[in-house]
Amino acid sequence: MIYPVSSKETPHSLISTALATPALRADRWLSVLSLARAWADSHKDTTKTALVAALTDLKAVERFFAYPGTLLLERLNSWLEDDDAKAFLRLAQRISTTIISKKYHRDVTAWNVEELEDEPLNRLPQAITHLKSRPYFEVLSVVPHSPARWRLIQEEVAGVRRPEDDFVYQAVIVGNAPDALTAILLNPDIGAVVLYEGFASEGGEANPLLDVFRSLIDISPTGDDEVQIIQLAQAIRKIRPELDIYLLSDRNIETLAGRPEIRIINRIFYQMEEPLELHLSILEGIRKRYKTPFFDNLKRYAQRPIATFHALPIARGKSVFTSNWISDMGEFYGPNLFLAESSATTGGLDSLLEPTGTIKEAQDMAARAFGADHAFFVTNGTSTSNKMVLQALLAPGDIVILDRNCHKSHHYGCVLAGAQPYYVEAFPLIEYSMYGGVPLKTIKQALLKLKAQGELDRVKMVDLTNCTFDGHVYDTRRVMEECLAIKPDLIFLWDEAWFGFAHWSPLLRQRTAMGAAAVMTEELAKPEAIAAWEDQQKALGENPSEDTLLSTRLVPDPRAVRLRIYQTNSVHKSMSALRQGSIVLVKDVDFEHVESQFHEAVFTHASTSPNQQIIASLDVARRQMQLEGYGLVANALQISLEIRKQVNSHPIISKYFKVLSNAEMIPEAFRQSGLDDYNDPDISWGKAIQSIKDDEFLLDPTRMTLSCGHAGFDGTTFKNILAEKFNIQLNKTSRNSILLQSNINNTRSDIALLIRVLVDIAMDLEAKILENGEGYRKAFAHQVRELVDDLPKLPNFSCFDDRYREDTTGDTLHGDIRRAFYDAYNEAECEYLPLDSQELDTRLQSGPTLVSANFVIPYPPGFPIMVPGQVITQEIVDFMRKLDVKEIHGFNKALGLKLLKR
Ligand SMILES: *Cc1c(COP(=O)(O)O)cnc(C)c1O
């Protein structure tokens, strides 16, 4: 059985398994190992019986992996039959360690049946002994042959290896389409797929896991051979778009090659042809992804003897290595950093501002990898990427629907562009003093209101953060479709600073900007889309009420829609790029009309001396994700799900700490599926599917809000304790929580460390409470109450002062933030009022209106509670007075609030 539904030995819930599919394998090995240990200790027959069952379960999964392969598994079986518990345990440990350490990628001895045996398995030819220096992957072959012949196919694959190959691979063989999909879900090593025409469309074991993917991404191969091939290829691409797919056919391949849908196949071969051709194509496909045009050139550049006469003394490192005083910098970084430093834009280094060579090529490869039409590398972080996009697409007076709780680069971007923000509010999570995402209804309301006011044509953009700092993931597709139904040429900017990795999770991808863009492009082109729009128009009638529009899932008119989607992404936050490495992704059918503006924005914001190392790391990060991103992201997801489970089920830790569940982070109204917790063992498949597909907000599992209020710590204090005493770093806190994040860099040892630290802290607290008297307990309880019960209401955006609004008769929300910003440059027009002054209260009571002169952004929570030109209300002052954080940007305690005079 691929997936035993809710059995005792299944440590994960269905949904967490679906999110981190490859982890299933590690779980199977863990249960085999623990039973093997028990058997070796006790020699009990019952334990052995359980072990036999666990091994059977394990084998159901292992057949989708090249390592350990049948010989090693057979050997494992033979120890079982011989009742040699010690030998069994030894071999099982060796194999599972090899899997976890990925030693079989590098070391040929890992494949040996006996530990000390030198003869490689499978009579592998010489070539594989070079494994060490060459990257390893696996090729999935989907064949019509009976399993008896699979061994021959494997040998054929091994037979074409050559010493000069850049990469080395092993074959994994399956006999039908469902098994093929299971293999690409489970096995992250698979780098290419070979379909042999005639494979079975059905078969394999019942696999509810596969059903999840089928119902989510619409994969159900049926029909004749050709249709089946295309459907399987499409399904594979939907799960892992980066994989190369080859077809071996024994028919007239010329006619097959003429079918337009067959373009999804990288290359078709006549089955009788030289296997070497297929081998070379497979390697070529991997080489294409492996290639890093800019980084490769930078490495070549660094090796050349170059004399520099430009303004960059550090280049070549001579000023460093020969120095009396700073040679330790050279020792620390090593020579290559300096050899690769250059201000030249020649010799293959290209110019980031006007790329025509290797940077352009690297950007194009990134665009393809991320599912965009264009990609732009940015070396000053997503802070700059956001400002570029806003400046490029918005002109003074344009209105942008903006989440007020977004990163400050958006607010400053509006100031720079002269665009008028129409602030929309995210739903508050008052108990944790933070915000979630902006409900779709709020966004639609804003658009409908602007429409009613006759200002819809001024609305150019909807700008949202996906996912939010705390992990709220939008239903990007639904948001865009419904907005486009109201205004078909809206531009969307999705700030996915944290969420770039999600492209490599088949389930999360659909909730990214580019993932949704791909689906929408496909769906809007179907004739059904026009029919759906026409039907809805009929149903809505002439003048639908606002209530009707708000409660209907609006569909856009596909003939009117201009799909214009931008995504910004801090590659450095979720992938292997150096700090500040960011990327702008574009999928805009009208990009040619804004391209020159876009370049102006690049010129405005990009440094003329961009850092070569950052650019190179963006190139390399893309390579990594295309070749191993699937497995890495699954691992990050699994680690977070494991941390959630361990913390919340630990008898001592859970008394004081909790990783907030889906239910605590997302109000019920936005969680239509009713999914309360990723680790709930009783979630049905139906609920899991519905949640990922349809919930208005989904929680990004990798972002874990750990509440620490019940331990008597505020977020900042707890963060400092973790950093100072335990060397655990994190970046965000709220009043009573900290944010933990897992990424592609984490290992299971990190989970162990975190749990260990939390146990230490929790036990310390227990001891203190026991040792100290009633007084201490009372004080502790009081502190906890203050942290968890007594939280200030989060103040909504009030409005802009009349002088920054064009239409002061209505209740327009958007305003000229830029003019307010510059009015504050005139000192004579500004005044200060201390926060605790009587005068402040008097002014709030009886005027004149208090108008903020600048942004005031407290950390935490990190959103602007005031923006330039905003009217200050009692609610805001109350919140400010209650805030006990040290860091408030834009507020000088001694001077008080900076106001624009009336
Ligand atoms: C971090 C962040 C940014 C800024 O990105 P940098 O790469 O740090 O400049 C923008 N938006 C969001 C949502 C962020 O979290």
Side-chain angles (χ1 to χ4, degrees), residues 352 366 370 375-391 400 402-417 421 423-424 426 434-438 461-474 476 479 492-502 508 511-513 566-585 601-602 604-607 610-611 613-615 617-618 621 697 699-700 702-705 729-734 738-743 855 857 859-864 887 889:
L352 185 64
F370 281 96
F376 296 91
F377 290 171
V378 178
T379 61
N380 324 53
T382 297
S383 306
T384 296
S385 300
N386 288 333
K387 283 179 261 187
M388 278 181 187
V389 176
L390 290 172
Q391 182 189 325
V400 48
L402 182 60
D403 174 4
R404 186 183 50 127
N405 187 33
C406 67
H407 187 262
K408 61 177 158 191
S409 52
H410 300 268
H411 304 281
Y412 283 102
C414 287
V415 170
L416 293 174
Y423 285 117
V424 282
M434 60 172 82
Y435 279 105
V438 183
M461 181 188 275
V462 173
D463 180 354
L464 298 167
T465 306
N466 186 52
C467 64
T468 64
F469 217 138
D470 303 293
H472 300 93
V473 182
Y474 284 82
T476 42
V479 169
F492 297 90
L493 169 55
W494 293 98
D495 178 344
E496 297 190 351
W498 293 108
F499 208 44
F501 73 94
L508 295 180
R511 284 180 170 258
T512 65
Y566 291 73
Q567 187 245 49
T568 55
N569 163 357
S570 295
V571 183
H572 69 91
K573 281 184 183 167
S574 74
M575 291 164 265
S576 301
L578 292 176
R579 201 95 176 120
Q580 295 194 359
S582 168
I583 195 169
V584 178
L585 298 173
V602 171
T604 308
H605 295 281
S607 163
N611 183 297
Q613 306 352 301
I614 297 177
I615 303 172
S617 74
L618 287 168
F697 289 101
L699 192 63
D700 170 2
T702 69
R703 307 190 69 75
M704 295 159 276
T705 300
Q729 290 195 1
L730 48 109
N731 57 8
K732 200 212 168 203
T733 59
S734 86
I738 58 165
L739 183 72
L740 303 167
Q741 197 194 342
S742 70
N743 62 40
F855 288 104
I857 308 179
Y859 287 86
F863 69 91
E887 201 180 331
H889 294 183

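Order of listing sets the numbers, starting from 1, for every ligand and every atom in it. In this chain, residues are counted from 1 in sequence order.
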For residues Thr568 and Asn386, is any side-chain donor paired with an opposing acceptor at under 3.5 Å?
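Present: a donor and an acceptor within the cut-off.
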Test item: side-chain donor near acceptor, Thr468 and Asp470, under 3.5 Å
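The criterion, which ignores hydrogens and geometry beyond distance, is not satisfied for Asp470 and Thr468.
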Does Phe499 have its ring centroid less than 6.0 Å away from the ring centroid of Trp494?
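Between Phe499 and Trp494, the centre distance exceeds or equals 6.0 Å.
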State yes or no: are the ring centers of Tyr566 and Phe492 separated by less than 6.0 Å?
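Centroid separation for Tyr566 and Phe492: 6.0 Å or greater.
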Neighbouring residues of ligand 1, heavy-atom cut-off under 4.0 Å:
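Residue list for ligand 1: Gly381, Thr382, Ser383, Asn386, His407, Thr465, Asp495, Ala497, Trp498, Ser570, His572, Lys573.
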Mind checking side chain to side chain contact (heavy atoms under 4.5 Å, CB included) for Ala497 and listing every partner two or more places apart, or none if nothing turns up?
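With sequence neighbours excluded, Ala497 shows a side chain to side chain contact (heavy atoms under 4.5 Å, CB included) to Thr382, Asp495, Ser570, Lys573, given in chain and number order.
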Knowing that exactly one of Thr476, Thr465, Thr512, Asn466 qualifies, which makes a side-chain hydrogen bond (donor to acceptor under 3.5 Å, both in side chains) with Glu496?
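Between Glu496 and the candidates, side-chain hydrogen bond (donor to acceptor under 3.5 Å, both in side chains) is satisfied uniquely by Asn466.
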